[in-house]
Amino acid sequence: MNPTAEEPEAGTYSFADIEAKWLPVWEQLDTFKPVDDGSRERRYVLDMFPYPSGDLHMGHAEAFAMGDVVARYWRQLGYDVLHPIGWDSFGLPAENAAIKHNAHPSEWTYANIDTQAASFKRYAISADWSRRLQTSDPEYYRWTQWLFLRFFEKGLAYRKDHPVNWCPKDQTVLANEQVVNGACERCGSPVTKKSLNQWYFRITDYADRLLEDMEPLAGHWPERVLAMQRNWIGRSEGAHVTFAIEADGDLPRTDVTVFTTRPDTLHGATFFVVAADAELATELVTSEHASALAEYRESVNTLSDIERQSTEREKTGVFTGRYAVNPLNGEKLPVWAADYVLADYGTGAIIAVPAHDQRDLDFARAFDLPVRMVVDTGEDDPAATGKATTGEGTLVNSGELDGLPKEAAIQRAIELVAAQGTGERTVNYRLRDWLLSRQRFWGTPIPIIHCAACGEVPVPDEQLPVRLPSDLRGEDLAPKGTSPLAAATDWVNVRCPQCSGPAKRDTDTMDTFVDSSWYYLRFADPQSEDAPFDSAKVNEWLPVGQYVGGVEHAILHLLYSRFFTKVLFDLGLVNFTEPFSALLNQGQVLNGGKAMSKSLGNGVNLGEQLDRYGVDAIRLTMVFASPPEDDVDWADVSPSGSAKFLARAWRLGADVTSEPGVDAASGDRALRSVTHRTLADAADLVRNNKFNVVIAKVMELVNATRKAIDSGAGGADPAVREAAEVTAVILSLFAPYTAEDLWERLGHPASVAAAGWPAVDESLLVQDTVTAIVQVQGKVRDRLEVPADITEDALRELALGTAQVQRTLAGRDIRTVIVRAPKLVNIVPA
RNA sequence: GCCCCAGUAGCCCAAUGGCAGAGGCAGGAGACUUAAAAUCUUCACAGUGUGGGUUCGAGUCCCACCUGGGGCACCA
């Protein structure tokens, strides 16, 4: 069983021996494969599946330790627990490694997966290995493609020409969600704009539902994640107002609609701005100003997003030569083109009210445009101060809106434009459609064939998967600005499925977030060959009862997965609309207050930690260090302390001399009381994700048991056995090896993981006497030992009679006495 | 600028509105030991970021501010 280590000295805790001993036993028992027959209530625990970038690191160790606590707890409670594992195995690093080593990305990817799988097994994750999946397996991406085609049929996948975020280093486009502070999320290069014809998912159609359906998640998802999603969706209420742009020479009169959240300030509009990079700007500009606009656009395009987004930057823009007519007062407003107006938010055009919008005011001051105050907020005139006023106030200089407060004026203004037919109430979202094309190789090919005669033709379902060509490797995959797949001419050139004419495959691959948007569904039925999954099975297991992962996915992955689930609901494939009922974001593992990184040289190698302290000690340290959602600073924690505690707990096994199955009822009541209190508290604490406190409670239990053995009831007392067994069961959630070995030393067969959560004897939780606190005016003056079932009246009498109280009152009258029997009395003097 | 979260002992952290301390780390002392390690026992240390408020009673609830962390950001 243990080929390397020597027989340990009896009574000495050796994590290495224990690990070597139990791993093969567990493999045989296959304790964590759900029975999946409906005989037990089902529960689904899921950790965000890993990307196979080398071996597991400290972050994985933390996240998976957390998920495993929940999975193992539910298992102990008797639920049929689904706790699967898989890999998000498409992605750029594999491709970069392949280019560097003149290999195929699959070689690097699957080698890493094997390494990680072995590490996960050593780390004793309670997973069902039979459901393992990889998104880069053709058996998986076949169904990613199938789902794409269903989206396509519903009009939810479409192509358009659009300026997109372009990473010049990775030579690929990026979704908005992948641009962080104007830089590529992956490599940090400044992102630029490029106009390309790309595939999008129409996630904006679901903006409202994505927002509304968050309601029931409150309390089960971290508030900050919900807030971030809400922000990202960015719902804002306002109005569309249509302005007529006057004819100019050959240019006809035309209507342009703007979105505004402040229709009340329409009378304060002094100019009109269109996004410089929008089509609209080119359409509107007069020939006299066309070259200035072209020049301006040129200068804007060379700016990186980082420069562009700097709020310190001076406002820039050019006049278009045209004028817009304010529908409320008929005023003529000059139309400018500027880059501070975004082409893809709202309508790409705004009505500028400099008095009440800082950006408009900055622009007005830069170009000497008039400023007119229309809301009196009691502050100084923005024209003089340079500070726009945006708060509550009363309307002035606004015709019939005069005298109305802001909110009423907004409503009235909308009524006015609506009556004119020039405007209406509307809701606008910040959310954009999801750009999913990637000009990279190692991803799911987009199952579309482009035919000159038929257009975009879906690959017929029975021809799926469209497999990646296997003969491209090394330099073939280097970024060229077009997909590497384009070079595989044999692969690209096909017959059109509709007209059999010559046609070409789409050479882009999908964003890997598409792959990860449905993997949690596949886990319910991972071997399905005629559908992505069996809906009945998915409906039995999902939604996921507890999802665990890093907050870095607060927007991207979670928003996309929620979107997918809603679309699949609409397609009738699932009967729920939210995939994850509860979400836990574990914190980061830091070292010395900073994230571990190569450049800082503060990385801690997980494998070395496991070798040095053992799996259980590392798992315990991760969980004990702080509440799950807080960061763990490895410099602040003590894995050796954890190891010490585990040894201490394990040693209890040697001191229990009673036989298994002995009735605990006759055992030492004080210890039994601690044992059952611990059991009850632990259950509550696990439910509330306070894993660190559970461990503190087990430590207490171990201390109490130790004391009972050494200087109390003694090792033969049945209560000591009971305490040791409860210790093993609770520890099985955190330190599976130690718990298993302790369980064996207590005379039980494997596995403690399936031992079941012992029933709490409520009668042991009640104490005979309790210490009542006697306060005078909230300050503690005395303590009384009283029966636990003392009445309020009796306690009041008792408290009032104590010498301490009498002395403190010093003859003062009593206004009131608060009694919370049996724990507290508070006497309030007059 | 807007939005979230957090500030409790030297450190990590506990505390259904009711005795500020459960647990651990680091530290001191003792027992065992020829000695050390290991083990066991034991001790000390803060009044909860600041200022108000609500309450019989506030670490906990409310308001403002300070500090730290995170998110979004020319989003009309």
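Residue numbers begin at 1 in each chain, while the letters A, B, ... track the order of the sequences.
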So what does [X] touch, heavy atoms closer than 4.0 Å: a base, only the sugar-phosphate, or nothing?
X: A/Lys387; value: nothing
X: A/Ser640; value: nothing
X: A/Val637; value: nothing
X: A/Pro222; value: nothing
X: A/Asn703; value: sugar-phosphate
X: A/Arg815; value: nothing
X: A/Lys697; value: nothing

By nearest-nucleotide position on RNA chain B, the 5'-leaning member of A/Glu700 and A/Ile350 is A/Glu700
Donor-acceptor pair under 3.5 Å: do we get one between A/Lys315's side chain and the base of B/C74? yes
Mind checking the [atom1] distance from [N] to [M]? Whole angstroms is fine.
N: B/C11; M: B/A26; atom1: P; value: 16 Å
N: B/U60; M: B/U16; atom1: C1'; value: 11 Å
N: B/G59; M: B/U50; atom1: C1'; value: 14 Å

**Asked** Mind checking whether A/Arg783 and A/Val780 have side chains closer than 4.5 Å, heavy atoms only?
**Response** yes
So does A/Glu629 pair up with A/Arg224, basic N to acidic O under 4.0 Å?
no
Any salt bridge linking A/Asp208 with A/Arg235? Criterion: basic side-chain nitrogen under 4.0 Å from a carboxylate oxygen. yes
The glycosidic conformation of B/G49, counting syn as within 90° of 0 and anti otherwise, is anti
Original post:
Do the numbers put A/Lys315 on top of the ring of A/Phe363, so that NZ or CZ is under 6.0 Å from the six-membered ring centre and no more than 45° off the axis?
Top reply: no
- request: For B/A73, take OP1 and OP2 only and decide whether either is under 4.0 Å from a side-chain N or O of A/Arg430.
  value: yes
When both distances are under 3.5 Å in a Watson-Crick or G-U wobble arrangement, the nucleotide paired with B/C72 is B/G1
